[in-house]
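For reference, the structure is listed below as C-alpha cells.
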Amino acid sequence: MIERTLSIIKPDAVSKNVIGDIIRRFEQAGLKIVGIQMRHLTKKEAEGFYYVHRERPFFNSLATFMTSGPVVIMVLEGEGAIAKNRALMGATDPKKADKGTIRADLADSIEANAVHGSDSPASAAFEIPFFFSQLDLVR
Ligand code: GDP
Ligand code: MG
C-alpha cells in the first residue's frame, strides 16, 4: 500500500551537515519527498508535536533538544513508507541500532538520535497535518 509518513531530521543531524546523507538514503530506498520545510521549532511546537510523550521523564529534555537548532521536516511517500522509514532509521538508541541504519551511522545518543519517523498510520495521520496543509503536499 502506498503510504505517507512524517520524517524529521533533528537538530543534531542538521548541525552535522548530514541532511543530504539522510535524504539520499530515503531516495535510494524508493521513498519520495512530497513535502519539505526547514524551521526552528518553538518549545510550544515541540511539546505539541511530542504530546503523546508528555508523561515520559525525558519529555522536557526532548522538547528542549528539538528546539536547539533548525530541523528539516518532510513527508515521505511510497510502498509501506511508515515501516520502510522506521527500518532505515534503526532503533531509538543508536547503540542498539542495526549497522547501516541512520541512527547507527549518524546519531549521538538516545535523545539526539538524528531522525524522527511516524511509528504507525495513526501517528502519521496526526503528525503530517501538524506541519503540512494539504496544499503544501505535491501529488
Ligand atoms: P522513536 O519513535 O524511535 O523516535 O522513539 P520514542 O517515540 O520512544 O521517543 C521519542 C524520542 O524521545 C526519541 O526519538 C528520542 O529523541 C527521545 N527519547 C526516547 N527515549 C529516551 C530516553 O530514554 N531518554 C531521553 N533523554 N530521550 C529519549
Ligand atoms: Mg516515536
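First listed ligand is number 1; within each ligand, the first listed atom is number 1.
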- request: Please report which non-hydrogen protein atom sits nearest to atom 5 (O) of ligand 1, along with the residue it belongs to and the distance in Å to one decimal place.
  value: Thr92 OG1, 3.3 Å
message: When you compare the side chains of Ser123 and Ser120, does any donor N or O come within less than 3.5 Å of an acceptor on the partner?
response: yes
message: As an exercise, identify every atom of ligand 1 less than 4.0 angstrom from a heavy atom of Lys10.
response: 13 (C), 14 (O), 15 (C), 16 (O)
- prompt: For Arg56, is the nearest heavy atom under 4.0 Å from an atom of ligand 1?
  reply: yes
- prompt: Under 4.0 Å from any heavy atom of Asn113, which atoms of ligand 1 are there?
  reply: 13 (C), 14 (O), 15 (C), 16 (O)
- request: Do me a favour and list the nearest non-hydrogen protein atom to atom 15 (C) of ligand 1 with residue, atom name and distance?
  value: Ile110 O, 3.1 Å
message: For Lys84 and Glu3: C-alpha separation, side-chain torsions, deciding distance, then whether salt bridge (charged side-chain N to carboxylate O under 4.0 Å, His left out) applies.
response: CA-CA 10 Å; Lys84 194 177 266 186; Glu3 291 174 330; over 6 Å; no
message: To the nearest 0.5 Å, what is the distance between CZ on Arg4 and CG on Leu76?
response: 10.5 Å
query: Is the closest basic N to carboxylate O distance between Glu77 and Arg139 below 4.0 Å?
result: no
query: Hey, is Leu62 touching ligand 1 through its side chain, its backbone, both or neither, going by heavy atoms under 4.0 Å?
result: side chain
task: Check Arg103 against ligand 1 and report side chain, backbone, both or neither, counting heavy atoms closer than 4.0 Å.
output: side chain
query: Side chain, backbone, both or neither: which part of Met89 has a heavy atom under 4.0 Å from ligand 1?
result: neither
query: How are the rings of His116 and Tyr50 set relative to one another: parallel (under 30°), tilted (30 to 60°) or perpendicular (over 60°)?
result: perpendicular
query: Can a non-hydrogen atom of His53 be found less than 4.0 Å from any atom of ligand 1?
result: yes
- request: Answer yes or no: does an N/O atom from Ser61 fall short of 3.5 Å to an N/O atom of ligand 1?
  value: no
Transitive ILVMFWY cluster of Ile110, excluding itself - 4.5 Å side-chain cut-off: none
message: What I want to find out is whether Asp105 reaches Lys99 closely enough, with some N-O distance under 4.0 Å, to be called a salt bridge.
response: no
- prompt: Between Phe131 and Phe49, is the ring centre distance below 6.0 Å?
  reply: yes
task: Just go through Arg86, Glu111, His116 and tell me whose heavy atom is the nearest to atom 2 (O) of ligand 1.
output: Arg86
query: Who's the nearest protein heavy-atom neighbour of atom 19 (C) of ligand 1, and how far?
result: Phe58 CZ, 3.6 Å
